[in-house]
Amino acid sequence: MNQANRTAYKEGLRDSIPIGLGYLAVSFSLGIIAASAGLNAFQGFVASWFCAASAGEYVGFTLIASHASYVELAVMTVIANARYLLMSTAMSQRLSGKTSLLHRLLMALHITDELFAIAIARKGNLNPYYSYAAATLSILCWSVGTSLGVIAGDVLPQRIVSALGVALYGMFIAIIVPPAKENRIIAWIIGICFVCSAACTYLPLVSTISSGTRTILLTIIIASVAAWLFPHKEEKEEEE
């Protein structure tokens with residue numbers, strides 16, 4: 001490793017410390033969900049290491065708990081993590097043309113919202129070793145936090161486990177509330193999602209479909225209709 005790569009690696013470790021600490025706390029709640037789905041601490045660690053996505057893992061653990069099929073699990077995980085395809089595309093535009101395919105694949109392996117943000121904020125071409133260092137520490141904290149949550153879910157009383165499990169729902173609420181407050185369309189769409197999800201649980205024919213399949217169908221239908229009726233308008237760049 002040359003000097004430039006060593007410097008980039010050290011900077012990646014430094015910048016990922018606050019992210020790792022945050023991940024350690026959030027993934028603990030995910031571990032509670034994983035424990036309720038029947039996973040042990042090692043399985044929770046592996047799942048978080050290779051998935052590293054709160055929404056994707058929550059969907060996965062929920063479907064595992066409901067004994068969903070492998071197809072439902074795969075499809076729903078792809079839908080929940082689809083945004084990372086866009087992030088990978090954006091990061092690829094910041095790589096040097098000399099960056100090998102192996103480096104590109106390894107960098108794409110662990111892209112999260114926070115790791116994408118600190119990487120894309122750097123000036124110039126992205127150094128793969130910066131992303132490696134940032135991912136190493138933060139994803140390790142994420143995976144360890146999940147394992148600790150699984151252990152706590154197996155040891156703590158059921159009432160405390162149920163209370164800690166609510167923390168993850170709080171995280172999701174924190175994600176959807178700010179954009180809903182700024183955009184009425186998003187607020188209405190979120191409300192429609194809640195209503196449709198509740199209705200599908202009790203409607204005669206739809207309720208017979210597994211919860212995983214219902215979630216997939218609702219996600220595709222509502223997202224498609226919303227994108228068609230309310231297309232996102234790009235802001236015009238200010239002329240210098």
Legend entry - Cluster link Ile120 to Leu109, ILVMFWY, side chain under 4.5 Å: no
Legend entry - Separation of Ser16 OG from Leu21 CG (nearest 0.5 Å): 9.5 Å
Inset, instruction - Quick one: pull up CG in Leu229 and OG in Ser224 and give me the separation to the nearest 0.5 Å. - result: 10.5 Å
Inset, instruction - State whether the side chain of Arg94 and the backbone N or O of Arg122 hold a donor-acceptor pair below 3.5 Å, judged by distance alone. - result: yes
Inset, instruction - Give the cluster check for Val71 versus Leu73: same hydrophobic cluster or not, with ILVMFWY residues linked at side-chain heavy-atom distances below 4.5 Å. - result: yes
Legend entry - CG on Asn81 to CD1 on Ile111, rounded to 0.5 Å: 11.5 Å
Inset, instruction - Could you pull out all residues at least two apart from Tyr130 that satisfy side-chain hydrogen bond (donor to acceptor under 3.5 Å, both in side chains)? - result: Asp15
Legend entry - Side chain proximity check, Trp142 to Thr112, heavy atoms < 4.5 angstrom: no
Inset, instruction - Go through the steps to decide whether Phe28 and Ile151 satisfy the test side chain to side chain contact (heavy atoms under 4.5 Å, CB included), and finish with yes or no. - result: CA-CA 10 Å; Phe28 185 87; Ile151 295 172; over 6 Å; no
Inset, instruction - Could you check if a side-chain atom of Leu63 sits within less than 4.5 angstrom of a side-chain atom of Thr77, using non-hydrogen atoms only? - result: no
Legend entry - Side chain proximity check, Leu30 to Tyr58, heavy atoms < 4.5 angstrom: yes
Legend entry - Closest non-hydrogen atom pair, Cys141 against Leu24: O-CD1, 3.3 Å
Inset, instruction - Check whether any side-chain heavy atom of Arg104 sits under 4.5 Å from a side-chain heavy atom of Met107, and report yes or no. - result: no
Inset, instruction - Could you state whether Tyr9 and Ile17 fall into the same hydrophobic cluster, counting links through intermediate Ile, Leu, Val, Met, Phe, Trp or Tyr residues with side-chain heavy atoms under 4.5 angstrom apart? - result: yes
Inset, instruction - State, with a plain yes or no, whether a side-chain heavy atom of Leu115 is found less than 4.5 Å away from one of Ser138. - result: yes
Inset, instruction - Report yes or no: do Ile221 and Trp228 belong to one cluster of Ile/Leu/Val/Met/Phe/Trp/Tyr joined by side chain heavy-atom distances under 4.5 Å? - result: yes
Legend entry - Euclidean distance, Ile118 CD1 relative to Ile19 CD1, rounded to 0.5 Å: 4.0 Å
Inset, instruction - With ring pair (Phe, Tyr, Trp, His ring centres under 6.0 Å) as the test, would you mind laying out the steps for Tyr129 and Tyr132 before giving the verdict? - result: CA-CA 5 Å; Tyr129 288 90; Tyr132 298 159; 5.5 Å; yes
Inset, instruction - With the side chain counted from C-beta on, respond yes when Asn40 and Phe45 share a heavy-atom pair under 4.5 Å apart, and no when they do not. - result: no
Legend entry - Nearest heavy atoms of Asn125 and Ser96, plus distance in Å: ND2-CB, 3.8 Å
Inset, instruction - Please report the shortest heavy-atom distance between Leu137 and Leu13, naming the atom on each side. - result: CD2-O, 3.8 Å
Inset, instruction - Could you check if a side-chain atom of Glu11 sits within less than 4.5 angstrom of a side-chain atom of Thr7, using non-hydrogen atoms only? - result: yes
Inset, instruction - Can you see which heavy atom on Ser197 is nearest to which on Leu218, and at what distance? - result: CA-CD1, 3.8 Å
Legend entry - Leu85 with Leu105, same ILVMFWY side-chain cluster at under 4.5 Å: no
Legend entry - Separation between CG of Asn127 and NE2 of His103, rounded to the nearest 0.5 Å: 8.5 Å
Inset, instruction - Work out which heavy atom in His110 is nearest to a heavy atom in Ala52; give both atom names and the distance. - result: CD2-CB, 4.1 Å
Inset, instruction - Report the residues that fulfil side-chain hydrogen bond (donor to acceptor under 3.5 Å, both in side chains) with Tyr84, sequence neighbours left out, ordered by chain and then residue number. - result: none
Inset, instruction - Working to the nearest 0.5 Å, report the span between CZ of Phe61 and CD1 of Ile33. - result: 9.0 Å
Legend entry - Heavy-atom pair of closest approach, residues Ser131 and Met91: OG-CE, 4.0 Å
